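To start, the structure itself, in structure tokens.
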Amino acid sequence: LCFKRECPRGSCPQPCSPHRRGGCHYIVHASMERIHRRTEEALRGQWVTPLMSCEYPGTCCASCCCPCAMAHKQRREMLDITGEDYVCCAGACKDCKDEPSSLREPCLCLEACCCLHAATYGNRYMMRTRFDIRKDRDEPMQGLCCDLCAELGCELGCREFADLESMICFCCTCHQSCCLLTQQQVQLRAIRMGLREQPYNGPPARVIETLPPKQQSMVNAARERREAGRPACVQPQHLAAPLVTRER
């Protein structure tokens with residue numbers, strides 16, 4: 001389901017604002033770059049754990065209680081692994097400046113705290129395209145409740161349903177971010193374990209050639225720095241810590 005900023009039926013007692021038409025969930029989905037179908041077909045890797053899984057309760061609790069810190073941690077680790085420069089929302093947001101920044105901090109911290117949902121989707125975009133991961137089978141179901149809630153609000157009248165709609169959408173968006181961050185954090189653990197045996201060499205050529213031009217330039221710039229002698233994976237202290245493959 002896709003909704004516009006105004007009520008598509010024209011029958012609401014007052015126009016539907018972006019906040020009432022799905023809130024942050026709608027705005028983020030409208031602004032973020034979707035992975036092209038050609039890229040989706042080129043991706044072949046699998047997620048370590050399903051999106052709707054309860055196998056890692058500790059990571060899930062951390063994502064729920066400290067989502068901003070988790071989003072910041074994930075992007076920082078992926079930038080260290082790939083060697084790419086910081087770009088707002090990993091270059092996946094259509095409304096953000098897509099030029100590399102030499103100041104990773106505090107820009108990354110501000111992004112994670114002020115634009116949490118965009119940062120989460122940016123992390124996911126970067127993880128899937130840089131590490132060759134296919135879409136999770138449960139991913140299309142994420143956010144469906146918010147869209148149905150917005151449609152119901154249009155049917156019943158935006159004015160009467162606005163408060164309940166906003167509350168439900170807020171809860172659904174928080175749950176969505178928690179699930180995404182948890183799955184991505186578990187995947188990062190597996191990626192870091194794999195780097196112990198084989199250094200990061202960038203995404204496969206079949207994936208790079210299907211990416212948008214600005215994403216290709218980001219990947220190629222990082223590859224040139226690695227070939228010039230820059231380590232493919234910077235191993236700061238937080239990456240060198242022992243890993244636990246499964247929570248008990």
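Everything numeric here is computed off the predicted structure, so don't read it as measured data.
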Problem - Min side-chain heavy-atom separation Trp47-Lys135 under 4.5 Å - result: no
Exercise for the section: Give a yes or no on whether the backbone of Leu116 and the side-chain of Thr120 come within a donor-acceptor separation of less than 3.5 Å. Expected result: yes
Exercise for the section: May I ask you to test the Phe131-Thr82 pair for a side-chain heavy-atom distance under 4.5 Å? Expected result: yes
Problem - Which residues share a side-chain hydrogen bond (donor to acceptor under 3.5 Å, both in side chains) with Gln215, sequence neighbours left out - result: Arg130
Handout entry: Under-4.0 Å salt bridge between Glu41 and Arg37
Key = no
Practice task
Using atom types as modelled and distance alone, determine if a side-chain donor or acceptor of Asp132 lies under 3.5 Å from a backbone N or O of Pro203.
Solution key: no
Exercise for the section: In plain terms, say whether Glu77 and Arg192 are close enough for a salt bridge, that is, a side-chain N and a carboxylate O under 4.0 Å apart. Expected result: yes
Problem - Set of side-chain hydrogen bond (donor to acceptor under 3.5 Å, both in side chains) partners for Thr129, sequence neighbours left out - result: none
Handout entry: Check: Arg38 side chain, Thr210 main-chain N or O, donor-acceptor pair, under 3.5 Å
Key = no
Handout entry: Test item: Val87 and Pro100 side chains (from C-beta on) under 4.5 Å apart, heavy atoms
Key = yes
Practice task
Verify, without hydrogens or angle tests, whether Gln74 (side chain) and Asn123 (backbone) share a donor-acceptor contact under 3.5 angstrom.
Solution key: no
Handout entry: Flag side-chain contact, heavy atom, 4.5 Å: Arg226 against Tyr200
Key = yes
Handout entry: Atom pair CD (Glu209) and CD (Gln216), whose distance is rounded to the nearest 0.5 Å
Key = 8.5 Å
Exercise for the section: Mind checking the CE-SG spacing from Met70 to Cys65? Nearest 0.5 Å is all I need. Expected result: 10.0 Å
Practice task
Kindly write out the residues that satisfy ring pair (Phe, Tyr, Trp, His ring centres under 6.0 Å) with Tyr86, not counting sequence neighbours, or none if the list is empty.
Solution key: none
Problem - Any Pro67 side-chain heavy atom under 4.5 Å of Ser177 side chain - result: no
Handout entry: Any Glu40 side-chain heavy atom under 4.5 Å of Leu43 side chain
Key = yes
Practice task
Considering non-hydrogen atoms only, spot the tightest contact between Ala190 and Val48 and give its length.
Solution key: CB-CG2, 3.5 Å
Exercise for the section: Could you tell me whether Glu111 and Arg104 make a salt bridge, using a distance below 4.0 angstrom between a side-chain N and a carboxylate O? Expected result: no
Practice task
Compare all side-chain heavy atoms of Glu84 with those of Met78 and state whether any distance is below 4.5 angstrom.
Solution key: no
Problem - Heavy-atom closest contact (Ala119 atom, Ala112 atom, distance) - result: CB-CA, 4.1 Å
Exercise for the section: Without swapping roles, check the side chain of Thr39 against the backbone of Ile35 for a donor-acceptor pair under 3.5 Å. Expected result: no
Practice task
May I ask you to test the Thr59-Gln183 pair for a side-chain heavy-atom distance under 4.5 Å?
Solution key: no
Exercise for the section: Drop me the distance from Leu79's CG to Leu108's CG, to the nearest 0.5 angstrom. Expected result: 7.0 Å
Fill in the blank from the handout: Correct closest heavy-atom pair for Met52 and Cys179 would be SD-SG, 4.4 Å
Practice task
Enter the distance from Leu181:CG to Cys68:SG here, rounded to the nearest 0.5 Å.
Solution key: 9.5 Å
Handout entry: Gly122 versus Ala92, closest heavy-atom pair with distance
Key = CA-CB, 4.4 Å
Problem - Same apolar cluster: Ile133 and Leu188, side chain cutoff 4.5 Å - result: yes
Practice task
I would like to know whether Arg75 and Asp80 meet side chain to side chain contact (heavy atoms under 4.5 Å, CB included); could you show each step before the answer?
Solution key: CA-CA 9 Å; Arg75 181 75 60 77; Asp80 288 339; over 6 Å; no
Problem - Nearest-0.5 Å distance, CG of residue Asp136 to CD of residue Gln187 - result: 10.0 Å
Handout entry: Point-to-point distance, once rounded to the nearest 0.5 Å, from CD of Glu227 to CG of Asn220
Key = 9.5 Å
Handout entry: Main-chain N/O of Gln46 paired with Arg134 side-chain donor or acceptor, under 3.5 Å
Key = no
